[in-house]
Amino acid sequence: MTATESDRHLVARLRDPDGGHHAVALLLARHWRATYDYAAICLAAPGDSAAMVATAAFRHVLRRLTGGAVGGALRPQLLVAARETVREWAADEAACAVLPELSRPSGGRGLRAVKSMTSEKRLLAERAFQALPGAFQCLLWHTEVEAEPITIPSGLLAMDAAGAEGTLEQAREQFRAGCVRAHRELAPSGECRYYNRLLDVPLRRGGTLLPDVRQHLRACRHCRQAAEQLGHFDGGLHVLLAEAVLGWGARRYLDSRPARAAAGPAAAVPGAHRAPGPAGLARGGRRGIAGTVGVGSAGGLLSGRTAPWRGHGQGHGNRHRTALAVAVGLASLVLLATVLAAKGWTADRAAASVPRVTWGAPGDPARRAVVAPDAPSASASENSGRTMAHHPSGPNR
């Protein structure tokens with residue numbers, strides 16, 4: 001197994017009893033940090049609970065994919081699964097008794113109260129993104145939202161970097177065409193469909209809209225929102241993608257991306273919390289243990305119940321905590337064995353001249369996070385979304 005294996009191939013390897021644990025280690029190295037960061041944003045708190053949410057997200061997505069489900073890019077799927085896990089657990093009274101973070105208004109409780117995760121102003125972009133091939137989703141997400149160089153998504157796809165550049169341009173074009181098509185398909189009137197191309201062409205060329213088009217926009221919210229979304233293709237595509245796919249905490253997730261933070265003055269955040277997980281084991285951190293619940297092997301990751309407290313009453317909080325602590329400790333030992341088994345792979349990778357595809361590298365210094373005035377302002381949520389500006393170095397650290 002090499003570092004240039006695609007995510008899709010690694011997911012397929014999970015069915016292999018001999019190579020499944022290696023696939024788990026690589027998938028964790030590639031996507032654990034981002035999943036944990038977004039789980040902490042959804043909970044408005046970093047730490048053990050966020051690690052449990054990230055673990056449940058991995059288990060849910062990988063079980064579905066190994067079961068034959070067809071999915072797009074892996075990173076967005078894991079993030080959405082983390083959000084939905086928090087939302088589901090926050091609706092469970094027994095879960096809230098065990099994990100008080102689920103009851104925070106800026107976290108689980110607020111997330112549970114939201115009826116739709118996608119704003120009406122982002123419906124066209126969401127529809128267009130979901131219709132893209134998985135490779136296009138991966139290239140767009142990692143270059144725009146994660147602000148990573150092209151070598152990262154090309155490695156996740158096992159593609160040549162030069163070929164990935166050309167494919168990325170196709171992905172941008174298809175994504176825009178999908179937004180235009182969604183505007184036409186969802187148009188509430190024939191007049192809106194008539195103005196479809198009259199909206200797209202001038203905005204694409206950087207020109208001004210015709211007077212009758214501007215007049216129509218003043219009266220039609222559907223077309224006005226379409227024009228706003230198309231306007232993001234000129235320098236604001238990362239905001240459009242994050243808000244269309246994630247919805248909740250999208251701006252905070254953008255701010256938490258190491259490659260994006262490294263390009264701005266917010267790169268160094270004193271006391272920023274590092275996510276527990278595979279790297280946390282080697283550091284001996286107390287929080288590093290919980291990040292490994294159920295991820296010790298392919299079988300452990302893909303089986304078991306999502307919520308360990310199901311079927312228990314609220315009056316046994318201490319018993320729940322004790323059971324969780326025991327499960328956490330046992331699962332940590334299993335993952336440690338997996339990490340040691342994968343150490344030979346990381347040593348080979350360090351000597352090979354292949355793209356660094358398992359962790360992010362700083363992106364273009366010209367990139368900046370765009371924070372809108374209406375971005376969530378809860379201080380607990382902001383602090384939970386920020387992390388150090390570097391990804392973990394891999395399973396061997």
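These numbers come from the heavy atoms of this one structure, side chains and all, not from hydrogens, waters or symmetry mates. Computed from a predicted structure; not experimentally measured. Position 1 is the first residue of the sequence, and the numbers go up from there.
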Next on the checklist: Between Arg224 and Leu217 (side chain of the first, backbone of the second, donor and acceptor by atom type, cut-off under 3.5 Å), is there such a pair?
Outcome noted: yes
Checklist entry - Does a donor on one side chain sit under 3.5 Å from an acceptor on the other, for Gln137 and Arg75? => result no
Checklist entry - Should the heavy atoms of other residues, nucleotides or ligands under 6.0 Å from CZ of Arg221 be counted, would the total exceed 12? => result no
Checklist entry - Is a salt bridge present between Lys121 and Glu243, judged by a nitrogen-to-oxygen distance below 4.0 Å? => result no
Checklist entry - Does Leu199 share a hydrophobic cluster with Leu237, counting links as ILVMFWY side-chain heavy atoms below 4.5 Å and allowing steps through other members? => result yes
Checklist entry - Between Glu126 (side chain) and Val245 (backbone), is there a donor-acceptor pair under 3.5 Å? => result no
Item to check | From Asp48 atom CG to Leu99 atom CG, the distance as rounded to the nearest 0.5 Å | outcome: 9.5 Å
Checklist entry - Any side-chain heavy atom of Arg122 within less than 4.5 Å of one from Gln225? => result no
Checklist entry - If two hydrophobic side chains count as joined below 4.5 Å and joins carry through other members, does Trp248 share a cluster with Val145? => result yes
Item to check | Shortest non-hydrogen contact between Val53 and Ala82, atoms and distance | outcome: CG1-O, 3.5 Å
Item to check | Heavy-atom pair of closest approach, residues Arg127 and Leu186 | outcome: NH1-CD2, 3.5 Å
Item to check | Tyr195 side, atom OH; Ser189 side, atom OG - distance, nearest 0.5 Å | outcome: 9.5 Å
Checklist entry - What do you reckon, is CD of Gln130 surrounded by more than 12 foreign heavy atoms closer than 6.0 Å? => result yes
Next on the checklist: Any carboxylate oxygen within less than 4.0 angstrom of a Lys/Arg side-chain nitrogen, looking at Arg30 and Asp7?
Outcome noted: yes
Checklist entry - Quick check: does any side chain N or O of Glu165 sit under 3.5 Å from a backbone N or O of Ile150, one acting as donor and the other as acceptor? => result no
Next on the checklist: Would a single hydrophobic cluster contain both Val80 and Trp89, if residues Ile, Leu, Val, Met, Phe, Trp and Tyr are joined by side-chain heavy-atom contacts under 4.5 Å?
Outcome noted: yes
Item to check | Same apolar cluster (I L V M F W Y, side chains within < 4.5 Å links), Trp32/Leu65 | outcome: yes
Checklist entry - With side chains defined as the heavy atoms from C-beta onward, is the minimum distance between Phe175 and Leu240 less than 4.5 Å? => result yes
Checklist outcome for this item: What one should report as the nearest heavy-atom pair of Ala50 and Ala45 is CB-O, 3.9 Å
Next on the checklist: Could you check whether any side-chain heavy atom of Asn196 comes within less than 4.5 Å of a side-chain heavy atom of Val180, counting everything from C-beta outward?
Outcome noted: yes
Checklist entry - Can any side-chain N or O of Arg193 pair as donor or acceptor with the backbone N or O of Arg184 at less than 3.5 Å? => result no
Checklist entry - For the hydrophobic clusters of this structure (ILVMFWY residues joined by side-chain heavy atoms under 4.5 Å, transitively), does one cluster hold both Leu124 and Leu203? => result no
Item to check | Between Glu146 and His142, a side-chain donor and acceptor under 3.5 Å | outcome: no
Next on the checklist: To the nearest 0.5 Å, what is the distance between SG on Cys192 and NE2 on His216?
Outcome noted: 3.5 Å
Checklist entry - Strictly under 6.0 Å, is that where the ring centroids of Phe129 and Phe136 end up? => result no
Checklist entry - Checking Tyr36 side chain against Gly47 main chain: does a donor-acceptor pair fall under 3.5 Å? => result yes
Next on the checklist: Could you report the tightest heavy-atom contact between Ala81 and Val61, atom names first, then the distance?
Outcome noted: CB-CG2, 3.6 Å
Next on the checklist: For the CD atom of Glu101 and the OG atom of Ser106, what is their distance to the nearest 0.5 Å?
Outcome noted: 11.5 Å
Item to check | Polar side-chain atom of Arg83 near backbone of Leu246 as donor-acceptor pair, under 3.5 Å | outcome: yes
Checklist entry - Above 12 or not: heavy atoms from other molecules or residues under 6.0 Å from CZ of Arg8? => result no
Checklist entry - Are Pro133 and Gln174 close enough that some pair of their side-chain heavy atoms sits under 4.5 Å apart? => result yes
Checklist entry - Using the ring of each side chain (for Trp, its six-membered ring), is His183 parallel, tilted or perpendicular to His222, with breaks at 30° and 60°? => result parallel
Checklist entry - Would you call Pro153 and Thr143 a side-chain contact if the rule is heavy atoms closer than 4.5 Å? => result yes
Item to check | Expected output: side-chain Arg257 to main-chain Ala147 donor-acceptor under 3.5 Å | outcome: no
Checklist entry - Should Arg204 and Glu173 count as an ion pair when the cut-off is N to O under 4.0 Å? => result yes
Item to check | Heavy atoms of other groups near Asp234 CG, more than 12 under 6.0 Å | outcome: no
Next on the checklist: Counting C-beta onward and ignoring hydrogens, is there a side-chain heavy-atom pair between Cys179 and Leu230 closer than 4.5 Å?
Outcome noted: yes
Checklist entry - So, do Leu241 and His232 sit near enough that their side-chain heavy atoms are less than 4.5 Å apart? => result no
Next on the checklist: Any salt bridge linking Glu88 with Arg112? Criterion: basic side-chain nitrogen under 4.0 Å from a carboxylate oxygen.
Outcome noted: no
Next on the checklist: Ring-plane angle category for Tyr253 and Tyr38, please: parallel below 30°, perpendicular beyond 60°, tilted otherwise.
Outcome noted: perpendicular
Checklist entry - Salt bridge between Asp16 and Arg13, side-chain N to carboxylate O under 4.0 Å? => result yes
Next on the checklist: Can you confirm whether Arg87 sits close enough to Met117 that some side-chain heavy atom of one is under 4.5 Å from a side-chain heavy atom of the other?
Outcome noted: yes
Checklist entry - Which value, rounded to the nearest 0.5 Å, describes the distance between Thr66 atom OG1 and Leu14 atom CG? => result 6.5 Å
Next on the checklist: Working to the nearest 0.5 angstrom, can you tell me the gap between Leu139 CG and Glu144 CD?
Outcome noted: 10.5 Å
